[in-house]
Amino acid sequence: MARLSAWGLFRRLKTRVWAVKRIARALTLFLPMTRDVLKGDFRPIPWSAFGTMALALAYLVMPFDLIPDFLMLLGVVDDVLIVGWLLNRVDMHLADYRAWKSESTAAGASSHTPS
């Protein structure tokens with residue numbers, strides 16, 4: 001088996017950090033987006049984001065999956081990889097909400113400036 005060079009390892013870790021940041025961003029935006037959708041402030045409803053999040057939650061709670069959880073390390077790694085991939089997809093579906101949120105925040109900030 002070929003050893004990874006230091007540069008190759010650095011590149012792989014760099015891409016993984018990017019994915020973790022996208023997952024964290026999806027988790028921090030999903031609940032406020034849900035609140036704005038329920039209040040009627042944000043339209044159109046991003047059904048794909050809701051569906052992908054439901055799929056991620058269902059995969060976590062299902063007693064059966066690709067690699068059973070009783071295989072300690074492999075079962076957990078399987079869950080982390082698949083749910084992480086799904087949350088990465090959720091983040092992609094939240095692009096419109098991010099744009100709307102930044103516009104509404106900018107509009108709110110400009111309306112509160114003293115004259």
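Just so it is clear, the values below take in all heavy atoms, side chains as well, and ignore hydrogens, waters and symmetry mates. Everything numeric here is computed off the predicted structure, so don't read it as measured data. In what follows, residues are counted from 1 in the order of the sequence shown.
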Subject >> Whether Ser104 side chain and Lys101 backbone form a donor-acceptor pair below 3.5 Å >> reply: yes
Subject >> Closest heavy-atom pair and its distance - Leu94, Ala49 >> reply: CD2-CB, 4.0 Å
**OP:** Please state whether the rings of Phe50 and Phe30 are parallel, tilted or perpendicular, taking 30° and 60° as the class boundaries.
**Re:** perpendicular
Subject >> Separation of Met53 CE from Arg89 CZ (nearest 0.5 Å) >> reply: 14.0 Å
Original post:
Below 4.5 Å, heavy atoms only, C-beta onward: do Val37 and Pro46 meet side chain to side chain?
Top reply: yes
**OP:** List the atom of Pro32, the atom of Leu29, and the distance in Å for their closest heavy-atom pair.
**Re:** CD-O, 3.3 Å
Subject >> Exam field: side chain Arg98 to backbone Asp91, donor-acceptor pair closer than 3.5 Å >> reply: yes
**OP:** Would you mind listing every salt bridge (Lys or Arg N to Asp or Glu O under 4.0 Å) that reaches into residues 40-51, with sequence neighbours excluded?
**Re:** Lys39-Asp41
Subject >> Spacing of Met33 atom CE and Ile45 atom CD1 [to the nearest 0.5 Å] >> reply: 9.5 Å
**OP:** Taking all heavy atoms of Asn88 and all of Ile23, pick out the closest pair and write down the distance.
**Re:** N-CG1, 4.1 Å
Subject >> Contact summary for Ser48 and His93, nearest pair of heavy atoms >> reply: OG-ND1, 3.2 Å
**OP:** Working to the nearest 0.5 Å, report the span between OG1 of Thr52 and CG of Leu57.
**Re:** 11.0 Å
Subject >> Shared hydrophobic cluster, Met92 / Leu27 (ILVMFWY, side-chain heavy atoms < 4.5 Å) >> reply: no
Original post:
Any link between Leu38 and Val90 through a network of hydrophobic side chains (Ile, Leu, Val, Met, Phe, Trp, Tyr) touching at under 4.5 Å?
Top reply: no
**OP:** Could you pull out the closest heavy-atom pair between Val83 and Tyr59, with the gap in Å?
**Re:** CG2-CD2, 4.1 Å
Original post:
What are the two closest heavy atoms between Ala56 and Leu86, and how far apart are they?
Top reply: CA-CD1, 3.6 Å
